[in-house]
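Each chain gets a letter, A, B and so on, in the order the sequences are listed, and its residues count up from 1.
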Protein chains: 2
Amino acid sequence: MKVSEVADLVGISVRTLHYYDQIGLLTPAYTDLTGYRVYSDQDLEKLQQILFFKQLDFPLKKIKEIMNDPDYDQNEALEMQRNLLLEKRNRLDQVIKTINKSIRYRKGEVTMSKKEKFVGFDFSKNPYKAEARKRWGDSTVDQTNEKLERMNAQDKKAFQDQFNDIYRKLAEIRHIDPASEMAQKEIKKWYDYLNKIGNYPPTVFKGLGQMYVEDERFTKNIDQFGEGLAEFMCAAMEEFADRNK
Amino acid sequence: MKVSEVADLVGISVRTLHYYDQIGLLTPAYTDLTGYRVYSDQDLEKLQQILFFKQLDFPLKKIKEIMNDPDYDQNEALEMQRNLLLEKRNRLDQVIKTINKSIRYRKGEVTMSKKEKFVGFDFSKNPYKAEARKRWGDSTVDQTNEKLERMNAQDKKAFQDQFNDIYRKLAEIRHIDPASEMAQKEIKKWYDYLNKIGNYPPTVFKGLGQMYVEDERFTKNIDQFGEGLAEFMCAAMEEFADRNK
DNA sequence: ATAAGCTATAACGCAACGTTAGAGTCAAGA
DNA sequence: TCTTGACTCTAACGTTGCGTTATAGCTTAT
């Protein structure tokens, strides 16, 4: 298929296809001798994937990165995208609720607090930041916290002390090579700690590490122990996961 | 309220508020003597409106234009936004259906045509292009066409001849002043023609005119009678509406 | 009074295309 | 066969909606 055929089929512009080719996101199957782009059915499949991601406001760079990952599995991706889309619809429902209430508010039928008027918008929580959480299942730090809350006071304290110890030590050595034995030994403690509470196989552990630097909320929290700690941990965790997979 | 208070409340950045001020989309109630922006509760209401529009992918320019219109009615706007949001949710549901089917397709459970794989995306139909259609109710040219189809052949031909006459004449004079008596006389014929078929009060008539230049599909069709005709008609229709409201 | 945290303007940066501009290609009809 | 209109290419600049420094004034607490 030629450019405009594809463009018409999926409802995007020719320029968009040119651009995707240019940035290496979607290279046509081949170009004929006159330089015309020719797309295969496989290319269409890939394009469909891309558009799903776009619906979820993933930046093109991220999309490329994700789809180039040797571990990329289309079935897994489809499942993930479905979840994210459902999440997106929930947010949309929130916005619709807000607007419904706003209409009634204008009629004087109900009251609305300032906060309420903006429920559902939530521009800060880009769906793609929740990606890691979804992609790596539900084993997030948040869950860890939940579990901690269900423990008794004594155990809780013990765990929190451990937590602090681990972080403080990591903060101390945060300027050395993350792949060094020293760093790996300490990061293993973090790995073991997590696995006392939940189930974190190496791949999940690695994904968690990436979240530390990609989600500012985590970065901030972690960097309270020392600036750059999140980045250091991310690198160390990646190395650890690669060694132990 | 100061900038960051507003920003925190609604979940947008300070820079965004600065920018909205800069382009005159949302000017704070006043600035104190040191130059600090101070937002009122009314400003918050307006900001809410803006964010609703943004959810619908209206460009900021459009939002500004719409909200600056002296005819702008917040209640009407809220109703419209609600409709558009519902529409958006329907499209999202379509995408979700498509992805569900894609998952089953990958498992070999069902077949999918090429077109089917892209149902719901439809980037060409930006919601804001449907704006006019929604805003001015359901009295669109499309409806006109529908009505025409339900007429018998004779009447139909008579109407189409009339239609052609009107357009040809308008095309002939399309370089004169749209506000001139000549132009206004001819555009009145178009107005009367439409009102024989449907119900087009002046405001609707005006909106229709704008659609001629904003929706390329209309522009193309109309300009077949002569390049620039759509623009000419739009101007004439606006003038006509202003005189007859 | 000095630091920490807020505010301001100004200016550059950036993604994801849209929009010309200039030139080659292809399909169909006169 | 020639031409004409529709399609294609690359190249390059323009646009939107901010993010991101950088520099400087303000405000509040210690």
Just jot down the ring pair (Phe, Tyr, Trp, His ring centres under 6.0 Å) partners of A/Y167, sequence neighbours excluded, or say none.
A/F163, A/W190, A/F225

Among all residues two or more places apart in sequence or in another chain, which pass the ring pair (Phe, Tyr, Trp, His ring centres under 6.0 Å) test with B/F232?
none

Applying side chain to side chain contact (heavy atoms under 4.5 Å, CB included), name anything that partners A/R15, two or more places apart in sequence or on another chain.
A/S13, A/Y19, A/Q22

Does the pair B/K88 and A/L92 meet the rule for a side-chain contact (heavy atoms from CB on, under 4.5 Å), with working shown?
CA-CA 9 Å; B/K88 187 172 181 180; A/L92 227 177; 4.0 Å; yes

Can you give the first and last nucleotides of DNA chain C, 5' to 3', that have an atom under 4.0 Å from a heavy atom of chain B?
C/dC6 to C/dA11

Within residues 37-49 of chain B, those residues having any heavy atom closer than 4.0 Å to DNA chain D are none

Residue pair B/S4 / B/V14: nearest heavy atoms and the distance that separates them:
CA-CG2, 4.0 Å

So which atom in A/I23 and which in A/K64 form the shortest heavy-atom distance, rounded to 0.1 Å?
O-NZ, 3.0 Å

Can you pull out how bent the helix from C/dA1-D/dT30 to C/dA30-D/dT1 is, comparing the axes over its first five and last five pairs, to 10°?
0°

Which atom pairs, one a donor and one an acceptor, fall under 3.5 Å between side chains of residues 40-53 of chain A and the rest of the protein, sequence neighbours left out?
residue	atom	partner	partner atom	Å
A/S40	OG	A/Q42	N	3.3
A/S40	OG	A/D43	N	3.2
A/S40	OG	A/D43	OD2	3.3
A/D41	OD1	B/K114	NZ	3.3
A/D43	OD2	A/A29	N	2.8
A/D43	OD2	A/S40	N	2.9
A/E45	OE2	B/K117	NZ	2.8
A/K46	NZ	A/L25	O	3.4
A/Q48	NE2	B/S102	OG	2.8
A/Q48	NE2	B/K117	O	3.2
A/Q49	OE1	A/Y72	OH	2.3

Heavy-atom closest contact (A/D177 atom, A/A183 atom, distance):
O-CB, 3.5 Å

Sorted by chain and number, sequence neighbours left out, side chain to side chain contact (heavy atoms under 4.5 Å, CB included) with A/K2 holds for A/E5, A/Y36

B/K61: what forms a side chain to side chain contact (heavy atoms under 4.5 Å, CB included) with it, not counting sequence neighbours?
none

Starting at atom NZ of B/K62, determine the distance to atom P of D/dT15, rounded to an integer number of angstrom.
18 Å

A/E238: what forms a salt bridge (charged side-chain N to carboxylate O under 4.0 Å, His left out) with it, not counting sequence neighbours?
none

Can you check the B/I23 CD1 to D/dT15 P distance for me, whole Å?
15 Å

Counting primed atoms plus P, OP1 and OP2 as sugar-phosphate and everything else as base, spell out the protein contacts along nucleotides 18-28 of chain D at 4.0 Å heavy-atom distance: B, S or - for each nucleotide, 5' to 3'.
BBB----BSS-

Sub-3.5 Å donor-acceptor pair from the side chain of B/T16 to the main-chain atoms of B/I12, do we have one?
no

A/E116: which residues meet the salt bridge (charged side-chain N to carboxylate O under 4.0 Å, His left out) condition with it, sequence neighbours left out?
A/K101

